[in-house]
Amino acid sequence: NNEVNTMIKKMIMQEVLSDDVRDEIIDGWNKSIDIPLLSEKIERKIMLAIWNVVKIALAKAIDEKM
C-alpha cells in the first residue's frame, strides 16, 4: 500500500508540477498582472521565481498530506 501511495504521489507531482502547468499558470499571471515599469522578460523572471517557491510548497504539501 505504501508503494502505491508513493507511486500516486509521484504521478500527481509530475502532472501538477509539470512545465506545461507552470507555463499555463505563468501565462495566466502575466495576463492578469501588468507592471508598466518592467519589461515582459523581467516580469516572467519574477513570476518564474514565484512559481519555484509555489512548486516547492506544493510538492511538500503533496508529500506530507498523502
Side-chain angles (χ1 to χ4, degrees):
N1 195 16
N2 201 15
E3 289 178 28
V4 172
N5 282 347
T6 300
M7 189 172 69
I8 291 171
K9 281 194 263 188
K10 282 184 178 183
M11 290 171 60
I12 290 171
M13 283 194 236
Q14 285 175 345
E15 287 298 317
V16 172
L17 306 177
S18 71
D19 290 348
D20 289 339
V21 171
R22 176 201 64 204
D23 292 341
E24 188 174 337
I25 289 170
I26 290 176
D27 288 346
W29 288 342
N30 200 16
K31 288 176 185 171
S32 299
I33 300 168
D34 182 33
I35 305 170
L37 299 175
L38 301 177
S39 69
E40 289 295 315
K41 186 176 178 180
I42 297 296
E43 283 182 8
R44 183 159 180 86
K45 281 186 179 184
I46 292 168
M47 291 176 196
L48 279 170
I50 294 168
W51 168 251
N52 287 330
V53 173
V54 170
K55 183 177 178 177
I56 291 167
L58 286 173
K60 183 178 178 186
I62 291 168
D63 191 46
E64 290 177 356
K65 307 280 189 222
M66 294 187 77

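The chain is numbered in sequence order, starting from 1.
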Any pair counted as salt bridge (charged side-chain N to carboxylate O under 4.0 Å, His left out), so long as it reaches residues 46-66, sequence neighbours left out: Lys9-Asp63
Residues pairing under side-chain hydrogen bond (donor to acceptor under 3.5 Å, both in side chains) where one sits in residues 17-28, two or more places apart or in two chains, turn out to be Asp19-Arg22, Asp23-Arg44
State yes or no: do Leu48 and Ile56 share one hydrophobic cluster built from I, L, V, M, F, W and Y residues joined by side-chain heavy-atom distances below 4.5 Å, directly or via other members? no
Applying the 4.5 Å side-chain criterion to the ILVMFWY set and letting contacts propagate, would Val4 and Met66 be lumped into a single cluster? yes
Rounded to the nearest 0.5 Å, how far does CD1 of Ile25 lie from CG of Asn30? 13.5 Å
Taking every heavy atom of Ile35 against every heavy atom of Glu43, the minimum-distance pair comes out as N-OE2, 2.9 Å
Straight-line distance of Ile33 CD1 to Ile50 CD1, nearest 0.5 Å: 7.0 Å
Once rounded to the nearest 0.5 Å, what's the spacing between atom CD1 of Ile12 and atom CE of Met7? 11.0 Å
For Glu40 versus Asp34, what's the shortest heavy-atom pair and its separation? OE2-OD1, 4.3 Å
Nearest heavy atoms of Trp29 and Trp51, plus distance in Å: CZ3-N, 4.1 Å
If you take all heavy atoms of Val21 and Val16, which pair is closest and at what distance? CG1-O, 3.2 Å
Shortest non-hydrogen contact between Leu38 and Ile42, atoms and distance: CD2-CG2, 4.0 Å
